[in-house]
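Note on naming: letters A, B, ... go to the chains in the order of the sequence lines (proteins, then strands), and numbering restarts at 1 for each one. Every heavy atom of this structure was used, including side-chain atoms; hydrogens, water molecules and symmetry mates were not. Not measured: the values here are computed from a predicted model.
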Amino acid sequence: MGKTFGWSLFAAALILSIIGILLIYAATYYSSSPETQSLFLKQLIWLGIGLAVCIGVYFIPLKIHEAFSFVYYFVIIVVLLVLLATSGGGARRWFYLGEFNIQPSELAKFAVVLAISRYMAFRKMKPGDLLWVFVILLLISVPAALILFQPDLGSSLVFFAVFIAMLFWSGIPLARIILILSPIISLICAFHWFSWAVFFFLLLVLVFVSRLRIPQGSFFITVNLAVGMITPIMWNKLHDYQKMRIMTFLDPGQDPRGAGYQIIQSKIAVGAGGLFGQGFLQGTQTKLNFLPEQHTDFIFSVLAEQFGFVGCLIVMLLFVWILYRGLAIALKARNQFYSYAACGLTAVLVFQVVINIGMTVGLMPVTGLPLPFMSYGGSSMVFFWAAIGFLLAVNRDWQEY
Amino acid sequence: MIADSPERRKTNYRILIFAILAFMMFIVVKLFGMQLFSGGVYRKASEKNSVRVVPISAPRGFIKDRGGTILVKNRPSYSMYMVPYEVRNLDSTSYKIAEVLRENPAEVKNRINQGWKGRFQPIRLKRDVDFATVCYVEEHALDFPGIMFQVEPTRLYPETDFGSHIWGYVGEAAAEDLEEDVDERYALGDIVGKEGLEKQYEEYLQGVNGLKYIEITAAGKMLGELADKERIKPLRGSELILELDWELQNIAEKELLERGSGAIVALDPRDGAVRVMASVPNFDANLFSGVVSREAWDAVMSDSLHPLYNRSIKGTYPPGSTMKLFTAAAGLENGLAEEETTFDPCLGARRFGNRSFRCWRLGGHGSLDLVGAIIQSCDVYFYQLGVKEGLDLWSKFCKDSRFGMRTGIDLPGEFAGLVPSAGYFDKRYGKNGWTRYLVVNLAIGQGELLVTPLQMAVLFAALGNGGVVYKPRLVSRIIPNIGNIIENQPEIVGSLPVSEENLEVLKKGLLGVTTHERGTARVASLRDINVGGKTGTAQNPHGEDHAWFICFAPVENPEIAVGIIIENAGHGGSVAAPVAKQILLKYFEDYRANRNTEKKTDI
């Protein structure tokens, strides 16, 4: 490790992790259970493990990652299947290993990003190659579906964010990506006939402007028409309680006693922080436990309440630096696999940072996605440090080249 | 589709960086707005979240007698509160609370609904919970989520039954109290005066509630007072210093209790200060300020003697022979009689119209002058005087003397009594349904004429002091916690329409009642102080006659006037007059003792 080591990236991630541990300490300081109070120590151990994994990923030659990417992928699929199979119908997201829990969905992010990158780099896309897109979609959908059934909507959405980001990175024009995503947009628009009509009109324009060949064009139009027709019929056949269940699943913030309450309390904590915050271990929202999940999903509210706007700005700058470095590394990467993988891993980071902080300040729905490096949670910590290790390795590879 | 050329990559890279920065900026702007622009709003919201404003009940002002004896004070007690937020199941919780409080669950639930001010604001479920219940609930805290106790002052009447009619009692403000409360000083369940001085002087006694800021967790657990927000201390209500003489009051109540039911009022004829106001049966005012057990409440309410009723100001009785003084005064003032005037001699009865009216003394009094008739309380004499005056003149004189009019004492609910007139009888019996001989009975204080014991004491005081009618006052001074002492000044509300000379004639008669060998109240005479008084026996259609005795002393320059009525006790001279003597003895014993000490200090 020397000049070729991306110190600034490593340092930014380490500082965020340490701030995270301090905030976990603050969030659990006033808890009545000693077990909760010692969570920051556990997180410290996880940071140690994360650093070890980071160094490990860094020193394993990139070639090996490239070669084993599909092995990772299939292993994680099997793990997810086992998890689902042993859940006995109930919700289950973790494997329990003594004191520590493993959350396979976090590890799946790494494996899936590498596998897709491998595929995208291996089989270069040719113009109008729909199969290429569908293979990638399949690679994403299988783990995403397994995670969705855990159920963990937030984590499964991460995969689709990665999918879009990597399609974009592959050079497909935005218009084409929209076309690919059009059935999903059609599904959402189909809840009102007018919005769907507008969407369908725009779709026709898009198909025409993109100068698709007749079979492809008619394929998209047919699929969207089908989705638009079937969705309202299906929706109306559902019972009210089923509709409600789906609605609260998609937007938990609507339920004022549940997630809505969380959002209100989080916003109060953030706002009460002011410019410089109420001080470390101060702030009544955290102190008196008004913030739900304050050491995990809502760790940013703790930061905002105790360290204010200035604290938030510093943390966000650190994140921006990491994201910037991640994309810069993806841009300069020596081969397509490295580039795709670096971009995909950065995309996970971007998505989780934006969704989590957005949720904290009330801009995004409650999804239960942790804030990278900072939220309490070992698997997440390990995943993001693995991602850092990989980015650092790609960086070294480029510098040495 | 376009190949992934380096230029294309670079453009995408820029777009992505731009997108990230845009997202972040969006969040930063939102943060900026929340933390720097609306920070105050959120901080308030967070305070509201975590800080409960809990009122601290102000202790009510004390009430003391003229010598400084504390008659009414406060004691600490436990009030049970509930924080609704922590209550999962309202039905089961109110059932459990009702069980420990031994109350009806529906009643408890009703109180919760009425007191609801938001799910974090504590609701008072019950005042003055007994200590055993407090301990039980605290020990089983897990079974009673959201239940807590606060120490609050409860009114304490250390003298229990004695004096209860003077101060009345307090209770929780009910819906109708709040309707009257235009200034919105009260909330439902606040303590307000309901009767007596507690009601009359409510605005002074009440005090100003304080506030304290209690920190509370999301789970509704109270953590104690906020360190950096000082509590606003409650302001104790003003203290009332009464004109009352507690030792005299004690004697009065004891004497009355021994003799059944009745009332005693004693005043200073020189300024209207009330020294004694007793009404028996009395009640324990503590019953109403704290836990009222159902049995005790039922006992008070179903008592046929109505212990809550202040007979001194609300009991209206015929004045009996004590009225003869005023019939005499009317005669003197209108030139229909003089000191030496005699009428037909008393033979034990006299015929008016077609009816015979008896004198109380069946053997008759023979021929008496006015003073003699007062001394011996000859009915026949006053029958004749009354007829001579006629109803209209007699009735007008009574009204001019302030019969049938409230005395204006500083207590709520005083009754005015009744002076019947021709108009009254017309209305009652029809235009020609009554004879002019109705005045025969009225002249000796029987029949429709109704007076209160307080009225009689006030008017006799006026007979003694030269005709000045003072407004009777219980309170002499109001001492507020901050600010100036308010002196309750004596107030003259009128005067008797009787000249000085005629008053002297009447006094001669009154003195004779206790000193003359044939006087009806010789038992009330003192060794070296002249007592002037008049006995009376009020006919009671519902039972035994009521015994009156009204007096003042010393006759020459009265310092104390005492009005006594003992219900269903028979003749005033034998039953009521000895009570007056006890009070006068005590009064003048103290009076002399004071004089002696004064002399000692002079030497």
Side-chain angles (χ1 to χ4, degrees), chain A residues 30 32 124-129 165 168-174 176 264-265 267-275 277-278 283-285 287-292 304-305 308-310 312-313 316-317 319-320 323-324 327-328 330-331 336 339 343 346-347 350 353-354 357-358 360-363, chain B residues 1-52 85 119-120 213-223 226-229:
Chain A
Y30 294 99
S32 52
K124 285 232 176 94
M125 180 198 51
K126 295 173 204 85
D129 190 351
F168 183 71
W169 197 242
S170 75
I172 299 177
L174 258 179
R176 200 60 57 86
I264 293 164
Q265 296 302 339
K267 282 172 80 174
I268 290 173
V270 171
L275 182 58
Q278 307 203 355
T284 52
Q285 288 290 104
K287 213 160 126 179
L288 305 176
N289 208 23
F290 278 98
L291 276 173
E305 190 183 27
F309 185 64
V310 173
C312 293
L313 218 53
M316 288 180 73
L317 280 175
F319 273 122
V320 168
L323 302 177
Y324 160 71
L327 284 180
L331 180 67
Q336 286 294 316
S339 182
C343 174
T346 309
V350 174
V353 168
V354 170
I357 302 181
T360 304
V361 299
L363 285 172
Chain B
M1 288 186 192
I2 299 124
D4 41 359
S5 65
E7 289 73 34
R8 178 87 208 174
R9 264 287 142 79
K10 190 110 196 186
T11 316
N12 284 351
Y13 163 78
R14 288 207 182 104
I15 290 172
L16 283 179
I17 292 284
F18 178 77
I20 290 169
L21 286 176
F23 274 133
M24 290 300 192
M25 276 315 292
F26 198 47
I27 290 172
V28 168
V29 166
K30 174 86 182 176
L31 274 175
F32 188 81
M34 284 170 78
Q35 298 191 301
L36 300 183
F37 277 104
S38 334
V41 176
Y42 286 111
R43 206 160 299 178
K44 236 177 228 157
S46 107
E47 239 171 49
K48 214 172 143 197
N49 237 352
S50 58
V51 179
R52 295 291 149 271
Y85 177 74
R119 59 187 199 146
F120 289 118
Y213 301 90
I214 300 272
E215 204 167 26
I216 193 170
T217 67
K221 199 176 145 205
M222 300 266 165
L223 294 182
L226 215 59
D228 52 347
K229 214 158 182 185

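Of the residues considered (A/Ser339, A/Gly358, A/Ala269), A/Ser339 shows the highest number of contacts with chain B, using heavy-atom pairs under 4.5 Å. Each of A/Gly277, A/Gly271, A/Ala347 has some count of heavy-atom pairs under 4.5 Å with chain B, and the biggest count is that of A/Gly271. Between chain B and the residues A/Leu363, A/Val350, A/Leu323, A/Leu174, the most heavy-atom pairs under 4.5 angstrom are made by A/Leu363. Among A/Ala165, A/Gly273, A/Ala328, the residue with the largest count of heavy-atom pairs under 4.5 Å with chain B is A/Ala328.
Both the backbone and the side chain of B/Leu31 come within contact range of chain A, judged by heavy atoms closer than 4.5 Å. Residue contact with chain B, scored on non-hydrogen atoms closer than 4.5 Å, is absent for A/Thr360. For A/Ala330, no part lies near chain B; criterion is any non-hydrogen pair under 4.5 Å. Looking at B/Leu36, the atoms closer than 4.5 Å to chain A (heavy atoms on both sides) all sit in the side chain, from C-beta outward. For B/Phe32, the parts lying near chain A are the backbone and the side chain together; criterion is any non-hydrogen pair under 4.5 Å. Both the backbone and the side chain of A/Ala304 come within contact range of chain B, judged by heavy atoms closer than 4.5 Å. Interface remark: B/Tyr13 contributes backbone and side-chain atoms alike to the contact with chain A (heavy atom separation under 4.5 Å).
Within the 4.5 Å cutoff, the side chain of B/Leu16 has no heavy atoms near those of the A/Thr346 side chain. Taking the side chain as every heavy atom from C-beta outward, A/Leu275 and B/Gln35 never approach each other to under 4.5 Å.
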task: In sequence, state the C-alpha distance, the side-chain angles, and the governing distance for A/Val354 and B/Phe26, and then conclude on side-chain contact (heavy atoms from CB on, under 4.5 Å).
output: CA-CA 10 Å; A/Val354 170; B/Phe26 198 47; over 6 Å; no
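Shown here for B/Met24 and A/Val353, the closest heavy-atom pair between the two residues is CE-CG1, 3.3 Å. A/Met316 and B/Val28 make their closest contact through CE-CG2, 3.7 Å (heavy atoms, listed as atom of the first residue, atom of the second, distance).
Atom CZ of B/Phe23 and atom CD1 of A/Ile357 lie 12.5 Å apart (nearest 0.5 Å). Rounding to the nearest 0.5 Å places CZ of B/Arg8 at 10.0 Å from CD1 of A/Ile172. Atom SG in A/Cys343 sits 7.5 Å away from atom CZ in B/Arg9 (nearest 0.5 Å). Rounding to the nearest 0.5 Å gives a distance of 13.0 Å between CZ of B/Arg14 and CG of A/Leu327.
The number of heavy-atom neighbours closer than 6.0 Å to CZ of A/Phe309, taken from other residues, nucleotides and ligands shown, is above 12.
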